[in-house]
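Worksheet: one structure, shown below.
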Amino acid sequence: MENCIDIQISDKPLSEQTCLEFVAHPGAGGIVNFIGTVRNQTQGKAVIKLEFEAYISMAISEMRKIAELASQKWPIQKMAIHHRVGTLAVGEIAVIISVACPHRKAAFEACSFAIDTLKETVPIWKKEFFENGAVWIAAHP
Amino acid sequence: MENCIDIQISDKPLSEQTCLEFVAHPGAGGIVNFIGTVRNQTQGKAVIKLEFEAYISMAISEMRKIAELASQKWPIQKMAIHHRVGTLAVGEIAVIISVACPHRKAAFEACSFAIDTLKETVPIWKKEFFENGAVWIAAHP
Amino acid sequence: MMKVLTFGIAKDIVGGPEMDIPYSEGMSVLALKKAVLEKYPQFEKLNSLAIAVNNEYADDNLQITPQDEVVLIPPVSGG
Amino acid sequence: MMKVLTFGIAKDIVGGPEMDIPYSEGMSVLALKKAVLEKYPQFEKLNSLAIAVNNEYADDNLQITPQDEVVLIPPVSGG
């Protein structure tokens with residue numbers, strides 16, 4: 001799987017096209033992409049902007065683990081996980097996960113597993129900025 | 001939902017970027033795209049090319065029904081379903097389904113539902129061309 | 001006679017994009033199917049054969065009128 | 001003393017990208033956590049506090065060596 005996994009963390013805008021081109025595979029029957037974008041509100045409070053901070057070396061390592069674990073569970077041909085860091089405006093892309101499999105069911109399951117796991121294990125932190133303050137998401141109960 | 005659904009059948013290459021731009025929504029937290037591409041083989045036989053034929057007026061109507069039904073089942077903000085017709089080479093995109101929802105779980109479920117239903121109900125027919133002949137897929141037991 | 005449109009393998013079986021079937025007033029979708037199968041027994045070998053009337057899948061008991069757009073729908077395989 | 005790196009809310013609590021903690025030979029991850037909480041009780045209020053040693057989540061009983069890269073991992077929120 002080594003050359004079939006593309007893991008990136010970038011402070012530049014992410015490109016869905018780049019992910020799609022990476023996962024293109026002549027034997028692929030289904031490609032599923034998850035694209036996480038910055039929402040304009042959280043629990044009714046208007047979000048102005050958002051900042052992502054990453055412990056980059058470990059985040060890359062954890063993202064790779066997710067892709068490798070997914071590749072053990074499902075017949076994945078190609079997989080890309082790209083995460084943005086820095087300051088993002090509403091509507092910008094925070095994360096893209098693209099999975100190519102011979103059949104679509106596996107691609108849906110693997111992509112869903114990957115984003116669920118990423119949110120649990122990858123050392124990246126999101127700070128949301130509101131009119132009157134900012135909050136590190138998920139930090140407190 | 002009327003302006004939130006984009007249904008297209010085209011004999012030109014499909015654009016994932018176009019679908020993504022259509023489904024962009026400031027309140028979206030998760031966008032899931034399914035991209036069906038032409039595989040290089042079916043049950044071990046090399047596929048040279050593929051042709052899609054559609055009963056276009058009804059296919060558009062059935063694709064719209066799928067988007068509307070999905071919108072009743074899940075909180076969909078925007079949804080695009082684009083299907084290609086004509087002659088396609090291996091690797092080309094046959095179908096794109098993009099779904100934007102406030103949360104990702106609904107987007108995964110709705111996108112998966114849409115492609116499953118499309119394959120059951122939409123009057124589009126696929127002919128695969130091999131070295132020594134061609135077959136209308138799913139026609140015979 | 002009424003015109004019935006064909007697509008996919010149905011077009012191959014019929015040898016063209018449409019076929020003519022004898023029409024009788026109040027003819028049902030089921031009667032139409034039987035007439036099609038009688039003329040082209042190869043349709044028996046398909047996984048399924050549906051009829052669309054005016055862009056909608058039609059029940060067997062729907063009555064067809066001469067103005068309807070009637071289409072043979074062999075097993076679909078889009079996506 | 002050993003250097004412990006901080007990110008996210010941990011950086012805010014500590015007031016910078018790293019903190020110093022007294023190191024003793026064979027110190028466990030659990031002992032490090034206790035030392036951190038003693039110095040900055042605000043960490044008690046977080047949903048969780050993990051320790052990464054050399055880019056891996058570390059168990060409480062792992063022994064830390066002076067060469068290790070040690071990082072406080074407050075609740076993550078990527079994606």
Side-chain angles (χ1 to χ4, degrees), chain A residues 14-21 23-44 46-48 50 77-78 89-119 126 128 137, chain B residues 14-21 23-44 46-48 50 77-78 89-119 126 128 137:
Chain A
L14 302 183
S15 158
E16 205 197 20
Q17 194 58 35
T18 302
C19 290
L20 186 59
E21 280 165 16
V23 300
H25 187 284
I31 295 166
V32 173
N33 283 335
F34 173 78
I35 298 153
T37 51
V38 177
R39 271 200 294 170
N40 59 0
Q41 57 88 22
T42 291
Q43 295 172 340
V47 171
I48 294 163
L50 186 149
Q77 293 161 320
K78 293 264 198 167
V90 167
E92 282 199 273
I93 296 175
V95 61
I96 303 176
I97 300 180
S98 299
V99 185
C101 291
H103 296 287
R104 68 186 184 280
K105 188 165 179 293
F108 273 108
E109 289 176 0
C111 189
S112 178
F113 164 83
I115 180 64
D116 287 354
T117 309
L118 182 149
K119 283 173 177 274
K126 173 163 50 185
E128 284 183 348
I137 298 305
Chain B
L14 302 183
S15 159
E16 206 198 19
Q17 195 57 35
T18 302
C19 289
L20 186 58
E21 280 165 18
V23 301
H25 187 285
I31 295 167
V32 174
N33 283 337
F34 173 78
I35 298 153
T37 51
V38 177
R39 272 200 294 171
N40 59 0
Q41 56 87 22
T42 292
Q43 295 172 341
V47 171
I48 294 163
L50 184 151
Q77 292 160 321
K78 293 266 199 165
V90 168
E92 282 200 273
I93 297 175
V95 62
I96 303 176
I97 300 180
S98 299
V99 184
C101 291
H103 296 286
R104 68 186 184 280
K105 187 164 181 290
F108 273 108
E109 290 176 1
C111 189
S112 178
F113 163 83
I115 181 63
D116 286 353
T117 309
L118 182 148
K119 285 174 176 275
K126 173 162 50 185
E128 284 182 347
I137 299 304

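Lettering of chains follows the sequences in order, A, B, ..., and the numbering in each one begins at 1.
- Neither the backbone nor the side chain of A:Val47 comes within contact range of chain B; no heavy atom of the residue lies under 4.5 Å from a heavy atom of that chain.
- Atoms OG and CZ, on A:Ser112 and B:Arg104 in that order, are 7.0 Å from each other to the nearest 0.5 Å.
- Using a 4.5 Å cut-off between heavy atoms, B:Val95 does not touch chain A at all.
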Contacts under 3.5 angstrom, residues 24-36 of chain B side chains, donor-acceptor by atom type, not counting sequence neighbours:
| from | atom 1 | to | atom 2 | distance (Å) |
| --- | --- | --- | --- | --- |
| B:His25 | ND1 | B:Gly27 | N | 2.9 |
| B:Asn33 | OD1 | B:Ser98 | OG | 2.5 |
| B:Asn33 | ND2 | A:Glu16 | OE2 | 2.3 |
| B:Asn33 | ND2 | B:Glu16 | OE2 | 3.4 |

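- With rounding to the nearest 0.5 Å, the separation of CG in A:Leu20 from CG in B:Leu20 is 11.0 Å.
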